[in-house]
Amino acid sequence: LYLDALTAALAHRKPEVHIIPDGEKYKTFETWQGILDRLVGMQARRDANLVALGGGVVGDITGFAAASYMRGIRFLQSPTTLLAQVDASVGGKTGINHERGKNLVGAFHQPATVVIDSATLDTLKDREFRAGLAEVVKYGAIFDAPFFDWLEQNAAAIEERDEEAIDSIIERSVVNKARIVRQDEREAGIRALLNFGHSFGHALESGTAYETFLHGEAVAIGMVTAARLSESRGLCIAGTTERLSSLLCRFGLPVSIPGSLDPGALFDALALDKKAVADGLRLVLLNGIGEAIVDRSSTDEEIRDAILESQD
């Protein structure tokens, strides 16, 4: 939808276009290799630039191709989905999926710049828009309680895609993420908090062959599961899970693990999560809305119980 406008703006650069298939299931070795083959075919040099125009999948795989080609060339992010604008395009995480787990192959490679035009959201499908809101809610849940309050109070305007409200959530989300990434670019410490809901979410995605849930939908379910685990362990006050779940439901997001999925298989998928460490799982849990922690002390039984209790 926005390719012609971009190529016209870059006409003096004589850009070449490479289009990849749509969807998380195509974030693969084959798609990544296709980009590299195109660069080799162009005889691209180290001063070449890649521009990622699209959603989070396009940004992730373009960034990884840029990180890989000639040991690293420049790339620019031009995200056109809400999820990519508030999260995926910022921070330098790039990668592709392995058939046994999400984002298991990749690199940290920062974009030269990120250009966000919120007008591209005018054509974004409702389901994709809602999926992006999951990552927005995440920022409030993990370290910005006033933002979480604001989201609850302005939910109607956000649902109606009010321009001022949308610009506000994009700006607040990017500022929050950039602040964390600046302190911990390679996720050695505080940046791990940004993975709230992602361990369970990635298990859901890989366990359903990336064909059932959008990333944001899986993260929404994962956040509620993590909150339920937090509450059952007494880390946060009763009602925290309900408050988080209510806001996600208000935005039309799923909050339960389908009963048809094998909870044992989901638990096993957690073991391959790239956030796990040698001595076990590393989960992001809540001490309360706006206060997340990295936890290594949840037992297998407690985690399994949280998965079971989260099934519909």
Side-chain angles (χ1 to χ4, degrees), residues 52-56 58-60 63 75-94 108-122 124 128-198 201 215-216 219-220 222-223 243-244 247-248 250-251 253 284 286-294:
L53 176 69
V58 174
D60 281 3
F75 85 109
L76 296 82
Q77 291 272 21
S78 186
T80 58
T81 67
L82 181 61
L83 190 144
Q85 291 178 359
V86 301
D87 185 70
S89 65
V90 179
K93 280 187 176 180
T94 72
F108 289 97
H109 191 58
Q110 293 292 348
T113 193
V114 181
V115 180
I116 296 174
D117 182 354
S118 59
T120 60
L121 301 181
D122 292 344
L124 191 64
E128 292 276 0
F129 180 77
R130 291 194 298 268
L133 289 175
E135 295 284 5
V136 175
V137 171
K138 177 192 74 176
Y139 292 115
I142 59 176
F143 47 63
D144 194 346
F147 185 38
F148 195 96
D149 296 342
W150 185 90
L151 291 171
E152 291 177 317
Q153 296 159 11
N154 291 274
I158 294 167
E159 289 177 288
E160 294 166 4
R161 303 203 197 190
D162 174 79
E163 183 177 342
E164 185 176 348
I166 297 305
D167 284 347
S168 293
I169 64 175
I170 294 172
E171 180 181 15
R172 185 73 166 257
S173 298
V174 170
V175 166
N176 269 322
K177 184 163 187 180
R179 177 167 58 88
I180 293 299
V181 172
R182 190 176 295 117
Q183 297 176 61
D184 178 22
E185 182 179 6
R186 293 180 175 265
E187 204 171 288
I190 191 174
R191 183 170 180 170
L193 298 180
L194 294 170
N195 294 316
F196 178 56
H198 284 60
H215 176 64
V219 167
M223 287 192 291
R243 186 181 176 195
L244 175 61
L247 181 57
L248 293 169
R250 176 70 188 272
F251 289 142
L253 286 159
V284 180
L286 295 180
N287 279 344
I289 296 296
E291 187 180 352
I293 59 168
V294 177

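In this chain, residues are counted from 1 in sequence order. Model, not experiment: these values are computed from the prediction.
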Original post:
Going by an N to O cut-off under 4.0 Å, is there a salt bridge joining R243 and D149?
Top reply: yes
Subject >> CZ-CG distance between F129 and L121, expressed to the nearest 0.5 angstrom >> reply: 7.0 Å
**OP:** Just say parallel, tilted or perpendicular for the rings of F143 and Y139, cut-offs at 30° and 60°.
**Re:** tilted
Original post:
Taking all atoms of both residues into account, what is the closest heavy-atom pair of D60 and T94, and its distance?
Top reply: O-CB, 3.5 Å
Original post:
Minimum heavy-atom separation for L244 to A141, with atom names?
Top reply: CD1-CB, 4.4 Å
Original post:
Minimum heavy-atom separation for I289 to F148, with atom names?
Top reply: CG2-CG, 3.6 Å
**OP:** Looking only at non-hydrogen atoms, find the nearest pair between L124 and T81 and report the distance.
**Re:** CD1-CG2, 3.8 Å
Original post:
Is the count of non-hydrogen atoms from other residues, nucleotides or ligands lying under 6.0 Å from E163 atom CD greater than 12?
Top reply: no
**OP:** Indicate yes or no: at least one non-hydrogen side-chain atom of L53 is less than 4.5 angstrom from one of V58.
**Re:** no
Subject >> Neighbour count >12 (heavy atoms, 6.0 Å) for atom CD, Q183 >> reply: yes
Original post:
Counting distance only, does the side-chain N/O of Q77 pair as donor-acceptor with the main-chain N or O of T113 below 3.5 Å?
Top reply: no
**OP:** Report yes if some heavy atom in the side chain of V294 is under 4.5 Å from a heavy atom in the side chain of I190; otherwise report no.
**Re:** no
**OP:** Go through R250 and E152 one step at a time and tell me if the side chain to side chain contact (heavy atoms under 4.5 Å, CB included) criterion holds.
**Re:** CA-CA 9 Å; R250 176 70 188 272; E152 291 177 317; over 6 Å; no
**OP:** Evaluate side chain to side chain contact (heavy atoms under 4.5 Å, CB included) for V174 paired with I116, printing each intermediate quantity in order.
**Re:** CA-CA 10 Å; V174 170; I116 296 174; 4.1 Å; yes
Original post:
Given D144, which of R172, K138, R179 fulfils the salt bridge (charged side-chain N to carboxylate O under 4.0 Å, His left out) condition?
Top reply: R172
Original post:
Where the side chain of S89 meets the backbone of A84, is there a donor-acceptor pair that is under 3.5 Å apart?
Top reply: yes
Subject >> Verdict with supporting geometry, R191 and V181, side chain to side chain contact (heavy atoms under 4.5 Å, CB included) >> reply: CA-CA 6 Å; R191 183 170 180 170; V181 172; 3.7 Å; yes
**OP:** Kindly indicate whether the side chain of L83, heavy atoms from C-beta on, has any atom under 4.5 Å from the side chain of E128.
**Re:** no
**OP:** Check V219 against E135 and note the closest heavy-atom contact, atom names and distance.
**Re:** CG2-OE2, 4.1 Å
Original post:
Are L248 and V137 close enough, and set up right, to give a side chain to side chain contact (heavy atoms under 4.5 Å, CB included), and what steps lead you there?
Top reply: CA-CA 8 Å; L248 293 169; V137 171; 4.0 Å; yes
Subject >> Nearest-0.5 Å distance that lies between atom OG in S173 and atom CG in L82 >> reply: 7.5 Å
**OP:** Find the distance between CD1 (I158) and CD (Q153) and round it off to the nearest 0.5 Å.
**Re:** 10.5 Å
Subject >> Rounded distance (nearest 0.5 Å) linking atom CG of N154 with atom CZ of F147 >> reply: 9.5 Å
Original post:
At their closest point, which heavy atom of V86 faces which heavy atom of I169, and how far apart are they?
Top reply: CG1-O, 4.3 Å
**OP:** Side-chain contact test, heavy atoms from C-beta onward, threshold under 4.5 Å: evaluate it for L194 versus I142 and give yes or no.
**Re:** yes
Original post:
With sequence neighbours excluded, what pairs up with D117 under the salt bridge (Lys or Arg N to Asp or Glu O under 4.0 Å) test?
Top reply: none
**OP:** Mind checking the CD1-CG spacing from I166 to D162? Nearest 0.5 Å is all I need.
**Re:** 7.5 Å
